[in-house]
Amino acid sequence: MREVYLDNSATTEVSPEALAAYVKTSKNNWGNPSSRHNRGKEAEDLMEDARDAVRHALGAKDGQVIFTSGGTEANNLAILGRVEAKPRFMRGGVILTTAGEHSSVARPLEALKAKGLTVVEIPTRNGVLDLDALTAALTPAVCLVTMMAVNNETGARYPLGEVSRLMRKHAPDAVLHIDATQAFLKVPLTVTQTGADLVTLSSHKIRGPKGVGALWVSAAVTKNRGIAPLLLGGGQENGLRSGTENVPGVAAFATAVRLGEQALPETERHLSALREALIAGVRDNPALSEVKLNLPPTAAPHILSLTLPKIKSETMVHFLSSRGVYVSGGSACSSHDSHLSSAMLAFGLTPEETDCTIRVSFGVQNTHEDIDRFLAALAEGLSTLVRKR
């Protein structure tokens, strides 16, 4: 019996097309993009084609695409690079974020807070961004607003266009950074629609290889020198990310972007159908009557959070794994951390509930049979683990 992989928010399987692009580029286009000969020019052309692919998928007519080692580096570059860009930001600067951000956003903000910057978390109870609290926090002192487009644990979608509108009204000098790692090519998202100035992307969330990501930087931010590099050296990526570029990884990432953009309408329909089938399956199965569905009013189609009846998520994850069904207890990046999920606490769960919550995340390869397999294994797990308590 084949495995049922329902942890696609942690990572996705590399598509055959992206893998083929990686191998082909490694074999045929192994030059250094900085070299001034034909081999270098071939590699440079591939990099520029990849930038065009990312811009097109984001609906961006201009702006820089800075390739990084992944979403974590892109988030750090956006946040720390923004503060480093202007000395005045270190003296009384304010950053707004949401309660329950990914650690690659939360940890840099903690470091800046320790240096004296003010960081304000906007509540997200039940997956709803508190726009009144955001409006109250927006002042001319705000230099950056940074938030997810889709929460990686609850699936909640935030009203980025409205956030941008409020920023322009109350904090016109601030820039908006969007961590689109979980949103990109899962839901429609463009820089025009969101009003974003900086957008973080990750290759391995869209069936590209690991170790590749990108930060889109608006032309306005570039013109105003509104972001500074974190890595110094050869000045690659327009001086914002030194280090010889991962050309095969970038080529594979671009392939995944093009395929994902083309398939987005069908992908969204497919993922939505799987999510609805799982919700209905939980509600209609008496054996799962004690399972709580954590449903934001506006949600992405590929993430669903479930709170179990007094069974720790780690225990259930191991049980399901023994049945060949793979889910997670939350963000994969914090799965070895003993701290409770800030995203689920911000959602409104108690610490006890948070410790008993699992995340199911769908991919294009999943089927309705996978949902049935998961529901059966979950029911078996509840029955077995309850007896052992």
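As a basis for the values below, the full set of heavy atoms in this structure was taken, side chains included, without hydrogen atoms, waters or symmetry mates. All figures in this text were calculated on a predicted structure; none of them were measured in a lab.
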Asker: Using a strict 4.0 Å threshold on nitrogen-to-oxygen distance, state whether D7 and R359 make a salt bridge.
Answerer: yes
Asker: How close do R373 and G324 get, counting heavy atoms only, and between which atoms?
Answerer: NH2-O, 4.1 Å
Asker: Please list every donor-acceptor pair under 3.5 Å in which a side-chain atom of residues 240-259 meets a protein atom from a residue at least two apart or in another chain.
Answerer:
| unit_1 | atom_1 | unit_2 | atom_2 | d |
| --- | --- | --- | --- | --- |
| R241 | NE | E73 | OE1 | 3.4 |
| R241 | NE | E73 | OE2 | 2.7 |
| R241 | NH2 | E73 | OE1 | 2.9 |
| S242 | OG | G233 | N | 3.1 |
| S242 | OG | G234 | N | 3.4 |
| S242 | OG | G235 | N | 2.9 |
| N246 | OD1 | G249 | N | 3.0 |
| T255 | OG1 | A251 | O | 3.0 |
| R258 | NH2 | D49 | O | 3.2 |

Asker: Under a 4.5 Å cut-off applied to non-hydrogen side-chain atoms, are T124 and D130 in contact?
Answerer: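 No, too far: nothing below the 4.5 Å cut-off.
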Asker: Find out if a path of hydrophobic residues (ILVMFWY) with successive side-chain heavy-atom gaps under 4.5 Å connects V364 to L264.
Answerer: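 The answer is no; the residues belong to distinct hydrophobic clusters.
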Asker: If I compare all heavy atoms of M316 with all of G381, which pair ends up nearest, and what's the gap?
Answerer: CE-C, 3.8 Å
Asker: Taking NZ, NE, NH1 and NH2 as the nitrogens, is one of them in D197 or R168 under 4.0 Å from a carboxylate oxygen of the other?
Answerer: yes
Asker: Looking at V94, is its backbone amide N or carbonyl O close enough to the side chain of T118 to form a donor-acceptor pair, meaning the two atoms are under 3.5 Å apart?
Answerer: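 No, because the side chain of T118 does not come within donor-acceptor range (under 3.5 Å) of the backbone of V94.
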Asker: Are more than 12 heavy atoms, taken from residues, nucleotides or ligands other than E314, located less than 6.0 Å from that residue's CD atom?
Answerer: no
Asker: Determine whether L271 and N366 satisfy the following criterion, side chain to side chain contact (heavy atoms under 4.5 Å, CB included), listing intermediate values before the conclusion.
Answerer: CA-CA 8 Å; L271 298 178; N366 288 127; over 6 Å; no
Asker: Could you go through K24 and E17, starting from their C-alpha distance and side-chain angles, then the distance that decides it, and tell me whether this counts as salt bridge (charged side-chain N to carboxylate O under 4.0 Å, His left out)?
Answerer: CA-CA 10 Å; K24 179 181 177 181; E17 295 87 350; over 6 Å; no
Asker: Could E110 and K113 be called an ion pair, given the rule that one side-chain N must be under 4.0 Å from one carboxylate O?
Answerer: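 Not counted as a salt bridge, because no side-chain N and carboxylate O are separated by less than 4.0 Å.
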Asker: Do we see a donor-acceptor contact under 3.5 Å between the side chains of Q365 and N8?
Answerer: yes
Asker: Please tell me if the side chains of L382 and T384 come closer than 4.5 Å, counting only heavy atoms from C-beta onward.
Answerer: no
Asker: So that I can tick it off, tell me whether R323 and E380 are bridged by a salt bridge, with the cut-off set at under 4.0 angstrom between side-chain N and carboxylate O.
Answerer: yes
Asker: Contact between V54 and L201 at the side-chain level, heavy atoms closer than 4.5 Å - yes or no?
Answerer: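 Side-chain contact under 4.5 Å: yes.
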Asker: Using the rule given for side chain to side chain contact (heavy atoms under 4.5 Å, CB included), can you reason through R283 versus L293, listing the C-alpha separation, both sets of side-chain angles and the distance that settles it, and then say yes or no?
Answerer: CA-CA 9 Å; R283 287 175 170 166; L293 294 159; 3.7 Å; yes
Asker: Within the structure provided, determine whether C356 and S313 are in side-chain contact (heavy-atom separation under 4.5 Å).
Answerer: no
Asker: Nearest heavy-atom pair of P301 and V187: which atoms, and what distance?
Answerer: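 In terms of heavy atoms, the two residues are closest at CD-CG1, 3.4 Å.
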Asker: Is the shortest side-chain heavy-atom distance between L6 and Y326 below 4.5 Å?
Answerer: no
Asker: What's the separation between atom OG1 in T200 and atom CG in N76, rounded to the nearest 0.5 Å?
Answerer: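 T200 atom OG1 to N76 atom CG measures 9.0 Å (nearest 0.5 Å).
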Asker: Less than 4.5 Å apart, any side-chain heavy atom of Q182 and any of K205?
Answerer: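 Yes; the side chains approach each other to less than 4.5 Å.
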Asker: Could you tell me which non-hydrogen atom of G100 sits nearest to which non-hydrogen atom of A346, and how far apart they are?
Answerer: N-CB, 4.3 Å
Asker: Given H177 and V145, is the side chain to side chain contact (heavy atoms under 4.5 Å, CB included) satisfied, shown in steps?
Answerer: CA-CA 6 Å; H177 166 238; V145 177; over 6 Å; no
Asker: Output the distance between atom CG (L308) and atom CD1 (I358), rounded to the nearest 0.5 Å.
Answerer: 5.0 Å
Asker: If you define the side chain from C-beta out and look only at heavy atoms, does anything of E237 sit under 4.5 Å from M47?
Answerer: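 E237 vs M47: side chains touch.
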Asker: With heavy-atom distances below 4.5 Å as the criterion, would you say the side chains of Q236 and S34 are in contact?
Answerer: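 Yes - at least one pair of side-chain heavy atoms lies under 4.5 Å apart.
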Asker: Taking side chain to side chain contact (heavy atoms under 4.5 Å, CB included) as the criterion, tell me which of V83, N75, I95 meets it with L109.
Answerer: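 Result: among V83, N75, I95, I95 is the only option passing the side chain to side chain contact (heavy atoms under 4.5 Å, CB included) with L109.
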Asker: How close do M147 and Y158 get, counting heavy atoms only, and between which atoms?
Answerer: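 That closest heavy-atom pairing would be SD-CB, 4.5 Å.
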Asker: With sequence neighbours excluded, what pairs up with E48 under the side chain to side chain donor-acceptor pair (under 3.5 Å) test?
Answerer: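 In terms of side chain to side chain donor-acceptor pair (under 3.5 Å), with neighbours along the sequence ignored, E48 is linked to R51.
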Asker: Between E153 and S341, does any side-chain donor sit less than 3.5 Å from a side-chain acceptor?
Answerer: yes
Asker: Could you pull out the closest heavy-atom pair between N152 and I303, with the gap in Å?
Answerer: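 Scanning both residues, the minimum pair turns out to be O-CD1, 3.8 Å.
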